[in-house]
Structures are given as structure tokens and as C-alpha cells.
Amino acid sequence: MHRFQDYDYPFWRVMMDWTKEYGPIYGITEGVEKTLVVSDPEFVHEVFVTQFDNFYGRKLNPLQGDPNKNKRAHLVSTQGHRWERLRTLSSPTFSNKNLKKIMKTVDDSVAELMRHLEKGCAGGKTVDMLEYYQEFTIDIIGKIAMGQTQSLMFENPMLPKVKSIFVDGRKHAFFASAMFPFLGAMLRQIFSMFPSIQPASDIMNIIEKAVKARIDQRKTDEKLGIEVSGEPQDFIDLFLDARADVDFFEQEAKDDFGKTQITKVDKHLTFDETVGQLFVFLLAGYDTTALSLSYSSFLLATHPEVQRKCQEEVDRECSDPEVTFDHLSKLKYMDWVIKEALRFYPLASIVHNRKCMKATTVCGVEIEEGTNVQVDTWTMHKDPNIWGDDVNEFKPERWESGDEQFIQKGGYLPFGMGPRICIGMRLALMEEKMLLTQILKKYTFETTSETVIPLKLVGRSTTAPSSVNLKLRPRHSD
Ligand code: HEM
């Protein structure tokens with residue numbers, strides 16, 4: 001566990017080293033828990049997809065609370081029927097209809113970021129694209145999940161709070177709770193009493209206020225007889241109105257899929273669940289998407305031929321100033337670029353894990369209940385047996401014949417795999433394509449003497465480049 005705490009030599013590098021030494025399946029202990037580290041695609045597919053009913057939980061630290069009891073437990077931390085209920089209630093949030101609505105919000109943030117970029121890179125100045133992308137993604141998620149009414153780029157008070165969760169990551173508290181699980185509950189209690197020392201509690205409080213304000217506003221509108229359109233404005237509205245058709249009481253009686261201890265089950269999200277969901281959408285949606293954009297931009301800058309093809313596609317398919325849903329679906333090459341960048345840098349590999357909920361055998365290996373399975377994704381994504389001898393080349397064309405072959409084999413999982421695959425994947429890809437389209441129409445990414453090559457990769461949770469310093473050369477000077 002100690003080896004996993006180093007910000008400058010992230011846990012996945014340690015796992016890659018161990019995989020070289022011990023092979024594709026070996027065991028480690030993390031505090032009091034046992035973990036199998038695997039980089040065998042067949043094994044991964046079996047755990048994430050085929051045997052999901054035996055592996056429906058995630059590896060959790062006691063500091064994250066009891067997934068069955070915590071009132072604010074969310075999609076990432078819950079398991080069994082409680083997770084299934086939250087997933088069913090949250091899924092419509094990312095339907096085509098809602099994504100189309102969110103598109104307008106994303107478009108406004110794209111325009112705002114382009115204004116900032118124009119100023120930032122004026123006179124050929126080098127800019128750190130990671131910083132710009134972080135401003136972009138927090139702006140969008142603030143507007144769709146936190147009741148933020150206008151863009152707050154480069155003055156967003158949430159950004160330092162959210163950033164500190166990823167940078168500091170409460171390293172010592174996590175470590176202590178893993179070694180001595182009883183400390184987890186105590187520390188949670190202390191943190192909730194002093195939100196100022198704990199950014200996560202502080203953020204929860206802000207979200208709580210935003211949800212309360214929306215509920216009050218609805219009540220006032222109702223009292224005054226103000227007709228509301230009934231159309232949800234954002235995720236807060238969507239969650240307040242979310243309903244599931246499945247009766248989870250009945251479902252629980254039928255089978256034992258993680259007999260959860262929900263005391264009151266109804267078809268609506270509770271107030272606390274709404275706050276928990278919005279919180280996790282904020283955390284999961286901000287950092288990952290900004291990182292994915294950063295890696296794609298870096299790889300475009302270092303592969304001019306790929307960038308040229310991407311620009312040609314953008315010029316051909318998106319010549320109108322307005323980019324629509326239809327346009328995005330035509331950007332096939334850009335899609336491969338993003339996929340290939342995520343193969344090179346599977347930035348969220350920390351959550352590529354499952355907990356064994358029922359003892360079973362996978363690919364001949366007996367696994368006890370309670371054992372965690374952590375995927376060594378970085379090894380798999382660079383395995384020549386899966387990808388071929390050109391594995392170390394950045395080659396978007398390898399995706400030409402579709403992704404099924406890699407996904408079905410279990411060898412590629414930047415967004416995870418199986419029933420718990422990332423729920424926000426389509427939103428992330430939409431944001432990325434909309435922004436890259438506008439940038440590539442106007443500029444060409446170039447490296448400068450300030451670009452760190454190869455990237456220095458850091459992080460305790462997600463994997464971030466220390467910086468992505470690039471120059472944006474205006475295309476009209478081509
Ligand atoms: C490039 C961007 C993103 C990447 C690489 C990414 C990656 C991941 C990964 C690896 C998982 C775990 C999947 C598994 O266990 O099989 C996950 C889960 C999740 N992601 Fe994302 N994500 C991204 C963007 C987003 C966005 C934009 C949102 C929401 C606004 C989001 C919300 C979630 C949630 C709620 C879960 C938990 C799903 C569940 O357990 O049912 N993610 N993501």
C-alpha cells in the first residue's frame with residue numbers, strides 16, 4: 001500500500017513493474033484486504049462481464065463509508081440492488097434527448113473557452129492546455145449539475161476545491177483507514193463536522209444548497225401558480241423528477257443480488273441520493289474529460305500527420321459554424337484519435353476493479369469472497385499479444401475495423417466494462433468532440449521548447465500529465 005501512495009511514481013507504474021516480475025495474475029495485500037492484480041484479458045472479461053453477478057461491487061476504502069448504509073452513497077460506491085436502482089434512475093440523464101439538450105450548454109462553454117484561448121495564445125505564446133480543459137469541463141458540469149447559471153471560466157470558486165481532491169486525495173486518511181478500517185468511520189465523522197478541512201464535505205454542502213434552492217423555487221412557483229414548462233433545465237431537475245418503472249422491493253425478493261439494507265425503497269431518488277449523485281457526477285465528469293482532451297491534444301501535436309487528417313475531416317464534415325449531433329457522429333477519425341489516446345493513457349485505471357461478492361472460480365483461479373480484482377490496464381493496453389507489434393505506435397487507424405474485437409476480448413477498458421461501464425462516456429465524448437472541432441478548425445497544435453516530452457505522468461487517483469504546454473498556430477497562416 002505504501003508503494004501505491006507516490007504521486008510522482010503512480011500506483012499503475014508499480015503494478016506494471018510487479019506484473020513484469022510476477023506475471024498476469026498475482027496477489028497483493030492492501031491494508032487488511034486481499035487484491036488480485038490481473039492483466040489477462042480473458043480473466044478481466046470474465047470478472048467484469050460474464051461473472052458480473054459474482055463481482056458487482058467495487059474496491060472501496062472504509063473512508064468512503066458503508067455502501068449499504070451511507071445515505072449519500074452514489075453510483076460509484078453502491079453495489080447490488082442499491083446500485084441497480086441508482087443506475088436505472090440515472091441512465092435517462094444521458095439519453096440522446098437529454099444529451100441534445102445539454103449540447104447547447106456545452107456549445108456556450110466551447111465559445112467561452114475559444115475566447116479565452118484566443119487571448120491566451122495571442123502572439124504565439126505557449127499555453128498549458130490542461131489548465132484550459134479543466135476550466136472547460138468544470139464550467140460544463142457546474143452548469144449542468146450544480147445550478148451554476150453562467151460561465152465562470154478562470155474565476156470558478158469550485159475549481160480549487162475539486163482540484164484539491166485529486167491532488168491531495170486525503171492520502172494519509174485513506175492510508176490509515178485501509179490499515180485500520182475502524183478509523184474510516186471516525187475520520188468521516190470528523191470531516192463532516194469540519195467541512196473546511198475536507199473539500200469533499202465542503203462541495204457536498206454547496207450541492208446540497210443548490211438542490212434545496214431548486215426545491216424551494218419549485219414550491220414558490222407552485223404557490224404563485226407559475227406555469228413551469230416541465231422540461232428539465234439540468235441534472236438537478238432530472239434527478240428530482242427521476243422515476244424508475246422497476247419495483248426494487250419485488251426485485252429484491254426474487255433474487256439475492258447483494259441483499260442491500262435499504263430501509264425505504266421508492267421509485268424516486270431521495271434528497272440525499274440526489275446530492276450524492278450530483279457530487280459524483282461533478283468529480284467523475286470534470287477531471288477525466290479534461291485529461292482525455294489533454295492527452296489527445298498532446299498526441300495530435302506530436303503526430304502532425306494524424307492532426308492533418310483530423311483537420312481535413314473537421315473541414316469536410318463540420319463546415320457550418322454550428323456543430324450538431326449529426327455532425328459529431330460523422331467525425332469517425334476524431335473518434336479513433338480519442339480512443340487511441342485513451343489506449344495510450346487509460347487515465348482512470350484506478351477504478352478498473354471489482355470486489356468478489358460470492359466465492360467463485362475464474363479461469364481456473366479460486367477467488368474468495370471479499371477479494372478485490374484490480375486490472376493492470378496499462379500493461380494490457382501495451383500488450384503486443386493484443387495489439388500487435390505496432391503496439392507502441394500512436395495509430396488511430398487501428399480502430400478502423402471497429403472496437404468490438406478489443407472490447408470483447410477484454411483488452412481495452414478506458415471506460416470500464418460490463419454493466420458498470422462509465423455512465424458518462426457519451427457526454428464526455430460529446431464535450432471532447434465539440435471542443436476539438438472548434439479548436440482544430442482554427443488552430444494547429446504544435447510542441448514548443450516548453451512541452452514536456454515524454455509527458456511526466458503523476459497522480460494518486462486519476463493519472464494526469466504534469467502539464468501539456470503547446471502552441472496554437474492559427475490555421476489561416478498555413
Ligand atoms: C474521458 C472521460 C471519462 C473516463 C475516461 C471515465 C472513466 C470511467 C471508468 C473507468 C469508470 C469505471 C467503470 C467500471 O467500473 O467498469 C467510470 C465510471 C463512472 N463514470 Fe466515468 N469516465 C469519464 C467521464 C465521465 C463523465 C463525464 C461522467 C458524468 C458526468 C462520469 C460518471 C461516471 C459514473 C457515475 C461512474 C460509475 C458508474 C457505475 O458504477 O455504474 N464519467 N468512468
Side-chain angles (χ1 to χ4, degrees), residues 12 44-45 47-49 52 55-60 64 67 73-91 93-94 98-99 102 105-106 133-134 136-146 162 234-235 238-239 258 273 276-296 335 337-339 341-355 372-375 377-378 381 407 410 412-436 459 461-464:
W12 54 267
V44 172
H45 195 268
V47 168
F48 279 65
V49 183
F52 178 72
F55 292 93
Y56 53 80
R58 282 216 168 84
K59 187 169 90 174
L60 291 176
Q64 291 168 276
H74 42 65
L75 258 187
V76 172
S77 61
T78 45
Q79 50 200 26
H81 284 302
R82 192 160 184 210
W83 162 78
E84 195 182 22
R85 175 170 168 275
L86 289 182
R87 181 94 189 192
T88 309
L89 285 161
S90 309
S91 291
T93 320
F94 298 100
N98 283 324
L99 283 183
I102 294 171
T105 308
V106 177
Y133 291 146
Q134 285 171 335
F136 172 68
T137 53
I138 194 93
D139 198 56
I140 295 172
I141 208 80
K143 286 193 274 187
I144 58 183
M146 302 202 46
V162 180
D234 55 15
F235 284 5
L238 282 163
F239 284 148
E273 283 171 341
Q277 292 294 97
L278 291 167
F279 173 74
V280 84
F281 277 26
L282 170 71
L283 287 199
Y286 140 78
D287 185 52
T288 49
T289 314
L291 292 173
S292 175
L293 274 164
S294 304
Y295 290 126
S296 293
D335 200 55
V337 166
I338 297 172
K339 276 200 178 97
L342 284 169
R343 178 179 76 82
F344 259 60
Y345 303 106
L347 54 100
S349 63
I350 186 124
V351 285
H352 297 163
N353 64 61
R354 291 288 183 266
K355 184 177 278 298
N372 300 310
V373 175
Q374 173 70 52
V375 183
T377 313
W378 291 71
H381 279 198
I407 292 172
Y412 178 73
L413 61 161
F415 290 101
M417 199 178 276
R420 294 199 82 153
I421 194 169
C422 174
I423 198 172
M425 175 172 72
R426 294 176 64 230
L427 170 63
L429 295 174
M430 180 174 100
E431 289 178 31
E432 291 185 42
K433 287 183 187 168
M434 284 177 72
L435 181 56
L436 284 177
S461 49
T462 47
T463 302

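Note that the numbering runs from 1 along the sequence shown for the chain. Atoms within a ligand are numbered from 1 in the order they appear, just like the ligands themselves.
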The answer for which part of L429 has a heavy atom under 4.0 Å from ligand 1 is neither
Counting heavy atoms only, which of G416, P414, S77 is nearest atom 7 (C) of ligand 1?
-> P414
Is E431 near ligand 1, meaning one of its heavy atoms is under 4.0 Å from it?
-> no
What are the two closest heavy atoms between P414 and L342, and how far apart are they?
-> CB-CB, 3.8 Å
Do Q277 side-chain atoms and L75 backbone N/O form a donor-acceptor pair below 3.5 Å?
-> yes
For ligand 1, note which part of R354 has a heavy atom under 4.0 Å away: side chain, backbone, both or neither.
-> side chain
Any idea which protein heavy atom is nearest atom 6 (C) of ligand 1, and the distance to it?
-> F415 CD2, 3.7 Å
Minimum-distance protein heavy atom relative to atom 38 (C) of ligand 1 = R87 NH1, 3.4 Å
Which protein non-hydrogen atom lies closest to atom 27 (C) of ligand 1, naming both residue and atom, and how far is it?
-> G285 CA, 3.5 Å
How are the rings of H381 and Y412 set relative to one another: parallel (under 30°), tilted (30 to 60°) or perpendicular (over 60°)?
-> parallel
Is there at least one pair of N or O atoms, one from F235 and one from ligand 1, spaced under 3.5 Å apart?
-> no
When every non-hydrogen atom of A73 is compared with those of T78, the smallest separation belongs to CB-CG2, 3.6 Å
Please state which protein non-hydrogen atom is closest to atom 34 (C) of ligand 1 and give its distance, to 0.1 Å?
-> I423 CG2, 3.7 Å
Between T289 and E432, is any side-chain donor less than 3.5 angstrom from a side-chain acceptor?
-> no
Could you tell me the residue and atom name of the protein heavy atom closest to atom 21 (Fe) of ligand 1, and the distance to it rounded to 0.1 Å?
-> C422 SG, 2.3 Å
Report yes or no: does a heavy atom of Q277 sit under 4.0 Å from some atom of ligand 1?
-> no
Any atoms of ligand 1 less than 4.0 Å from a non-hydrogen atom of V76? List them with their elements.
-> 36 (C), 37 (C)
Atom 28 (C) of ligand 1: nearest protein contact (heavy atom, Å) = G424 CA, 3.6 Å
Side chain to side chain, P419 and Y56, heavy atoms closer than 4.5 Å = no
Non-hydrogen atoms of W83 versus ligand 1: any pair closer than 4.0 Å?
-> yes
Are W12 and T377 close enough, and set up right, to give a side chain to side chain donor-acceptor pair (under 3.5 Å), and what steps lead you there?
-> CA-CA 8 Å; W12 54 267; T377 313; over 6 Å; no
Carefully, step by step, assess T462 and D287 under the rule side chain to side chain donor-acceptor pair (under 3.5 Å).
-> CA-CA 8 Å; T462 47; D287 185 52; 2.4 Å; yes
Compare all side-chain heavy atoms of E431 with those of I102 and state whether any distance is below 4.5 angstrom.
-> no
Between R58 and Q79, what is the shortest heavy-atom contact and its length?
-> N-OE1, 4.3 Å
Just which atoms of ligand 1 are under 4.0 Å from any heavy atom in M417?
-> 16 (O)
If hydrogens are left out, which of H352, M430, R420 has an atom nearest to atom 14 (C) of ligand 1, that is, the closest non-hydrogen atom?
-> R420
Just need the protein heavy atom nearest to atom 11 (C) of ligand 1, so name the residue and atom and give the distance.
-> V351 CG2, 3.8 Å
Number the atoms of ligand 1 from 1 as they appear, then name those within less than 4.0 Å of a heavy atom of I141, with their elements.
-> 30 (C)
Ring centroid separation F94 to F235 under 6.0 Å | yes
Filtering G418, A284, G57 for the heavy atom nearest atom 33 (C) of ligand 1 leaves A284
So the atoms of ligand 1 within less than 4.0 Å of a heavy atom of E432 turn out to be 1 (C)
Write down the atom of Q374, the atom of I350, and the distance for their closest heavy-atom approach.
-> OE1-O, 3.5 Å
Atom 12 (C) of ligand 1: closest protein heavy atom, distance to 0.1 Å, is R58 NH2, 3.5 Å
Could a heavy atom of L291 be found less than 4.0 Å from some atom of ligand 1?
-> no
Proximity flag M425 to ligand 1, non-hydrogen atoms under 4.0 Å = no
Does any N or O in the side chain of H74 come within less than 3.5 Å of the main-chain N or O of E273, such that one atom is a donor and the other an acceptor?
-> no
Pair Y286 and Y133, ring centroids less than 6.0 Å apart = no
